[in-house]
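To start, the structure itself, in structure tokens.
These numbers come from a predicted model, not from an experiment. Just so we're on the same page: letters track the sequence lines, and every chain starts at 1.
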Number of protein chains: 4
Amino acid sequence: MHKPELELYYQAGVLDHFTEKQLKILTTAIQIFSEKGYENTSTKEIAEVAGVAEGNIFAKFKNKRGLLNAIIEPVLNRVFPSTIDAFIQEQLDKEYLSTAEFVDSLLFNRMDMVKENSAVFKIFFTEIFYDHDVRQELIDLFPNVYWQKLNNLIDELKQKHILNGLPNNDIIRTLWSIMGGLVVGYLFFNQPLDQRTINSGMTALVEAIEPKP
Amino acid sequence: MHKPELELYYQAGVLDHFTEKQLKILTTAIQIFSEKGYENTSTKEIAEVAGVAEGNIFAKFKNKRGLLNAIIEPVLNRVFPSTIDAFIQEQLDKEYLSTAEFVDSLLFNRMDMVKENSAVFKIFFTEIFYDHDVRQELIDLFPNVYWQKLNNLIDELKQKHILNGLPNNDIIRTLWSIMGGLVVGYLFFNQPLDQRTINSGMTALVEAIEPKP
Amino acid sequence: MHKPELELYYQAGVLDHFTEKQLKILTTAIQIFSEKGYENTSTKEIAEVAGVAEGNIFAKFKNKRGLLNAIIEPVLNRVFPSTIDAFIQEQLDKEYLSTAEFVDSLLFNRMDMVKENSAVFKIFFTEIFYDHDVRQELIDLFPNVYWQKLNNLIDELKQKHILNGLPNNDIIRTLWSIMGGLVVGYLFFNQPLDQRTINSGMTALVEAIEPKP
Amino acid sequence: MHKPELELYYQAGVLDHFTEKQLKILTTAIQIFSEKGYENTSTKEIAEVAGVAEGNIFAKFKNKRGLLNAIIEPVLNRVFPSTIDAFIQEQLDKEYLSTAEFVDSLLFNRMDMVKENSAVFKIFFTEIFYDHDVRQELIDLFPNVYWQKLNNLIDELKQKHILNGLPNNDIIRTLWSIMGGLVVGYLFFNQPLDQRTINSGMTALVEAIEPKP
DNA sequence: AATGAATGAGACTTCATTCAT
DNA sequence: CATGAATGAAGTCTCATTCAT
């Protein structure tokens with residue numbers, strides 16, 4: 001009964017009290033926004049493709065921007081934090097860890113989410129570049145929610161000789177650069193995101209952040 | 001007499017026969033597009049800020065899209081190819097080369113261009129994600145213009161033991177991931193792009209693509 | 001409840017699902033187009049005179065041209081064919097016919113339609129001269145829809161000695177020349193189109209196409 | 001040295017002091033106006049096709065309307081009157097005349113002018129239907145310039161039993177209906193205007209206006 | 001006389017949003 | 001909750017016209 005392309009949102013618990021038509025609007029908007037961009041999509045088109053009256057969009061989402069927010073906010077405020085939390089928890093639970101294991105845990109398990117929600121992530125990436133406000137939200141979110149936790153984790157992993165001595169900032173940038181490269185290649189440039197490719201990214205990452213003897 | 005923020009375009013030789021007002025439109029558009037995005041900028045605003053009549057935009061650039069193209073096309077069709085060519089020529093001219101030297105030549109000398117033309121590159125990145133056509137142009141450009149040359153260079157560098165044995169595809173993705181990470185961090189996330197940061201990216205890159213003993 | 005100036009369109013069955021405002025737009029456009037010409041009429045003026053928001057025009061008629069088409073197409077594709085059909089049927093139903101009766105049936109009964117829809121016919125004439133596409137539609141329509149039927153009728157009437165031996169082409173041209181002269185005089189040159197004038201046209205026509213003893 | 005498509009205007013004596021560029025503008029405007037209509041033609045296009053700067057149009061013709069007037073006015077105020085005068089003079093010079101001779105003199109000698117200046121006449125017809133002012137000029141012209149002379153001629157011809165007893169109005173309408181039918185067919189509907197066709201029109205006309213024994 | 005860059009009013013059109021039903 | 005007609009502000013773009021060179 002669940003729409004599979006909304007799984008992300010079901011798990012974030014934001015689809016309660018949505019009617020069937022409202023869910024249809026959401027999935028349609030995700031589809032069209034990801035194909036043509038938010039600014040190039042009219043509410044009329046969304047309504048037509050979704051097979052509902054245009055007024056429904058505004059009844060539920062207040063305005064067009066509210067519809068975009070309904071797509072982006074849960075990713076920003078729920079999916080990201082809980083993913084980071086889960087990842088950090090994973091590291092803390094494991095006692096002995098190699099750099100490869102660390103990277104594997106970081107990369108490998110997350111890419112499925114990207115592939116299963118590629119339309120959502122396409123919108124997300126696009127809007128982060130396009131929209132000052134969305135970008136600012138991400139920038140604001142980082143220090144408060146992720147930064148301290150990540151910092152602590154990295155310090156700990158440095159002590160365990162799992163990460164090299166580069167400044168934490170540089171390590172983090174290297175992490176998201178390689179991850180971002182894989183994801184952007186997949187979402188926007190028709191590159192594969194299969195296990196071999198992911199492994200290749202992993203290898204590069206391990207070399208870049210692994211302590212040298 | 002040259003407007004410094006258009007240096008890129010002067011060198012590409014695309015500003016011949018531009019009047020002072022037309023140059024003002026171009027610089028203004030670059031500024032506002034980079035700040036608010038193409039879709040969120042009206043031609044009226046450009047004209048007002050540039051201090052010209054709106055009609056001038058259409059007299060010279062045909063339509064709003066033509067103005068965006070005047071900004072993007074030279075980067076795509078002139079700056080990029082000539083940069084790649086210059087880079088490749090650099091490698092061929094040097095006999096003995098370490099991985100670090102290779103990466104240095106790749107990264108270090110290019111970042112100035114990004115910093116000096118940050119508004120243009122911001123537009124460029126944004127539109128690559130936002131606009132299917134621009135992205136497709138880039139995708140089309142790659143195989144024809146860059147791919148073969150890069151491939152040959154990488155093969156040669158592998159023989160010289162300057163690059164490791166990863167598939168060329170993976171090496172290239174690693175290169176632009178790390179470079180893209182630096183640039184995106186600088187352009188969109190207020191990260192520094194000073195020599196220390198570039199060096200740090202260089203180090204990560206060297207580790208990732210250097211042959212292991 | 002019917003607007004009398006739209007009777008033509010009601011009978012053509014093209015006004016279903018029109019709201020009151022949309023009908024007002026149509027009648028207003030007919031009025032102003034006929035007075036000032038399509039190109040000299042702005043959608044803003046139509047909306048103002050009709051007392052509706054300008055957007056309504058585009059919501060219903062897609063664009064300004066769509067509004068003109070909504071006026072012209074039914075005349076071209078419905079009123080004309082059905083009028084011709086009715087006329088031909090009339091001839092076939094009558095056994096013995098004089099040239100005068102034939103001309104009477106042709107002319108007399110049709111002029112009321114012109115007078116009752118003079119604004120529409122003014123637009124129609126004007127656009128046939130002004131607009132290549134409209135004219136082409138009329139040219140295309142003729143061979144397929146009218147020509148064969150008219151030809152057959154004329155051949156039959158020649159056998160019955162109601163028409164003289166001029167080539168069918170010439171007879172048809174004479175018919176529409178005299179009819180067109182009456183109509184154009186009425187619509188554009190303030191000439192009367194009363195029974196005396198019509199009779200006079202009839203007389204000329206009868207003389208021109210009647211077999212001589 | 002004369003441009004043949006401007007012969008009409010040379011004879012009307014209105015091309016004195018025209019430079020080569022101004023003549024080119026005039027011929028170009030005649031061509032494009034006749035193809036696309038006055039309203040659908042921009043001064044920019046005329047200038048481009050004529051190979052001159054746009055400003056020249058306004059330097060000579062004051063404004064766009066002035067260019068149209070330069071095409072239409074001579075026809076209205078010189079070609080028409082002198083044609084009518086010449087025609088009337090022809091009749092007065094001939095003593096014994098049949099209806100056929102009269103019609104022949106009326107029709108046959110005038111159609112060459114239409115064929116040799118088809119673009120000008122196309123504009124003329126189109127604007128008479130499209131433009132209230134042009135039409136009004138024609139309406140105003142008729143009583144003052146043509147009407148009395150034509151009336152007198154017709155009265156005279158009635159006495160000579162060359163025309164039947166229809167009201168002069170009806171005779172005139174029949175004349176221009178048949179003539180107009182030939183011309184409109186030729187200019188707008190790809191109909192021939194060869195001698196056979198003209199003869200056929202003549203025959204119809206003679207029958208319609210000839211006194212019956 | 002000739003040029004064409006510059007102007008800006010006004011055209012058509014889109015579109016998010018409201019609201020009566 | 002659902003509909004879609006109606007709105008009107010705001011957008012892009014055209015074009016006749018001016019004017020300094």
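- For E:dC15, the OP1/OP2 oxygens have no side-chain nitrogen or oxygen of A:K44 closer than 4.0 Å.
- Between B:K64 and B:E54 no salt bridge is recorded (no basic side-chain N to carboxylate O distance below 4.0 Å).
- Ring centers of B:F129 and A:Y130: at least 6.0 Å apart, outside the cut-off.
- Without hydrogens or angle criteria, C:Q22 side chain to C:T19 main chain gives a donor-acceptor distance under 3.5 Å.
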**Study point:** Which nucleotides of DNA chain E pair, in dot-bracket form (Watson-Crick or G-U under 3.5 Å, | meaning another strand)
**Key:** .||||||||||||||||||||
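- Here the side chain of D:E39 pairs no donor or acceptor atom with the backbone of C:E39 at under 3.5 angstrom.
- Ion pairing between A:K36 and A:E45 holds under the 4.0 Å rule for side-chain N and carboxylate O.
- Atoms CD1 (A:I46) and P (E:dC15) sit 11 Å apart, rounded to a whole Å.
- Using a distance-only test at 3.5 Å, with no hydrogens or angles considered, no donor-acceptor pair links the side chain of B:N56 to the main chain of B:V52.
- Formation of a donor-acceptor pair under 3.5 Å by the C:K122 side chain with backbone atoms of C:G37 is not found in this model.
- Phosphate contact (OP1/OP2 of E:dT14, side-chain N/O of C:K62, threshold under 4.0 Å): absent.
- For the side chain to side chain contact (heavy atoms under 4.5 Å, CB included) with C:F33, the lone residue among C:T126, C:V120, C:L67 that qualifies is C:L67.
- If you take NZ of C:K60 and C1' of E:dT14, they are 19 Å apart, rounded to a whole angstrom.
- With a heavy-atom cut-off of 4.0 Å to chain D, the contacted part of DNA chain F has its first and last nucleotide at F:dA16 to F:dT18.
- Listed nucleotides E:dA16, E:dC12, E:dT3 differ in distance to A:F58; the shortest reach to its side chain belongs to E:dA16.
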